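Reviewing the structure listed below.
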Amino acid sequence: MVARVTARLVVLVSGAGTNLQALLDACADPAYGARVVAVGADRDGIEGLERATRADVPTFVVRLPDCADRDEFNDRTLDAIAAYEPDLVVLAGYMKILAPRVVERFPTLNTHPALLPSFPGAHAVADALAYGVTVTGVTVHFVDAGVDTGPVVAQRAVEVRLGDDEAALHERIKAVERALLVETVGRLVRDGYRIEGRKVVLP
Ligand code: GAR
């Protein structure tokens with residue numbers, strides 16, 4: 001991606017949207033280099049959409065149950081994203097797997113609450129706890145055709161504490177995750193990057 005003055009972000013969410021909020025807050029500073037032009041979701045009635053509305057950011061919702069099949073879901077989601085001409089799409093707690101044609105149309109970043117390639121999928125925090133690792137963390141990566149398999153941009157470790165349950169560990173991960181996501185998106189949009197095989201090269 002070639003950096004431009006203010007990059008256009010479309011952020012997709014499925015829940016609380018605290019990572020979205022961190023991006024919205026960062027974008028309030030013009031020096032950050034990006035603005036959130038739309039927030040999309042795969043469900044109604046979530047705090048993530050409320051956060052967008054409070055920030056005067058347009059929203060869209062494409063629900064799988066409203067579509068004839070996954071093809072239509074992907075088509076409608078892609079059309080909704082494309083209408084905002086994003087430079088970067090950020091999956092921030094978005095819990096649907098999108099078809100390759102959707103994630104390949106625009107550079108698409110995902111934040112995942114584990115140190116990939118360990119614990120991909122929708123239950124990363126519970127899986128890490130169940131495995132008994134003493135260190136887990138967060139990964140910000142580009143999305144490819146697989147599930148949590150794309151090139152890694154940034155990772156940060158989080159210690160698992162004795163007595164952690166999923167909620168406690170996830171909260172500590174999310175505190176680290178919000179900072180890493182803001183830092184990583186900022187660097188990508190301001191400085192540009194290139195992808196060489198599995199390596200994301202930042203200047
Ligand atoms: C985040 O921890 C994100 O990594 C995770 O959902 C949380 C959303 O929090 N995403 C996944 O597990 C995707 N597989 P938020 O809604 O408060 O930003």
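For ligands, and for the atoms within them, numbers begin at 1 and follow the listed sequence. The model shown is predicted, which means the values in this text are computed figures rather than measured ones.
- Expressed to the nearest 0.5 Å, how far CD of Glu171 lies from CD of Glu166 amounts to 11.0 Å.
- Counting heavy atoms of neighbouring residues, nucleotides and ligands inside a 6.0 Å radius, atom CZ of Arg54 exceeds 12 of them.
- Within 6.0 Å of the CZ atom in Arg187, the count of heavy atoms belonging to other residues, nucleotides or ligands does not exceed 12.
- For atom 13 (C) of ligand 1, the closest non-hydrogen atom on the protein side is Met95 SD, 3.5 Å.
- For Glu183 and Arg156, the salt-bridge test passes: some basic side-chain N is under 4.0 Å from an acidic carboxylate O.
- The protein non-hydrogen atom at the shortest distance from atom 12 (O) of ligand 1 is Pro113 CD, 3.5 Å.
- The shortest heavy-atom distance from Gly48 to ligand 1 is not under 4.0 Å.
- Looking only at protein heavy atoms, the nearest one to atom 4 (O) of ligand 1 is Glu177 OE2, 2.4 Å.
- In this structure, His170 has a heavy atom closer than 4.0 Å to ligand 1.
- Some N or O of Asn19 is nearer than 3.5 Å to an N or O of ligand 1, by distance alone.
- Heavy-atom separations between Ala22 and ligand 1 are all 4.0 Å or longer.
- Protein heavy atom at the shortest distance from atom 9 (O) of ligand 1 is Lys174 NZ, 3.2 Å.
- When only interatomic distances are considered, the shortest N/O to N/O separation between Gly17 and ligand 1 falls below 3.5 Å.
- Aromatic ring centres of Tyr193 and Phe142 lie closer together than 6.0 Å.
- Within the 4.0 Å heavy-atom shell around ligand 1 one finds Thr111.
- The protein atom (non-hydrogen) at minimum distance from atom 6 (O) of ligand 1 is Gly93 CA, 3.6 Å.
- At a cut-off of 3.5 Å, with distance as the only test, no side-chain donor of Thr111 or Asn19 sits close to an acceptor on the other residue.
- Per-residue contacts place Ala16 under 4.0 angstrom from the following atoms of ligand 1 (heavy atoms of the residue considered): 16 (O), 17 (O).
- Using a 4.5 Å cut-off on side-chain heavy atoms (C-beta onward), Asp191 and Leu202 make no contact.
- For ligand 1, the polar-atom distance check finds no N/O of Tyr94 at less than 3.5 Å from any of the ligand's N/O atoms.
- For Asp29, the side chain to side chain contact (heavy atoms under 4.5 Å, CB included) criterion is met by Ala31, not counting sequence neighbours.
- Counting protein heavy atoms only, atom 14 (N) of ligand 1 is closest to Gly121 O, 3.5 Å.
- A salt bridge links Lys96 with Asp42: the distance from a Lys NZ or Arg NE/NH1/NH2 to an Asp or Glu carboxylate oxygen falls below 4.0 Å.
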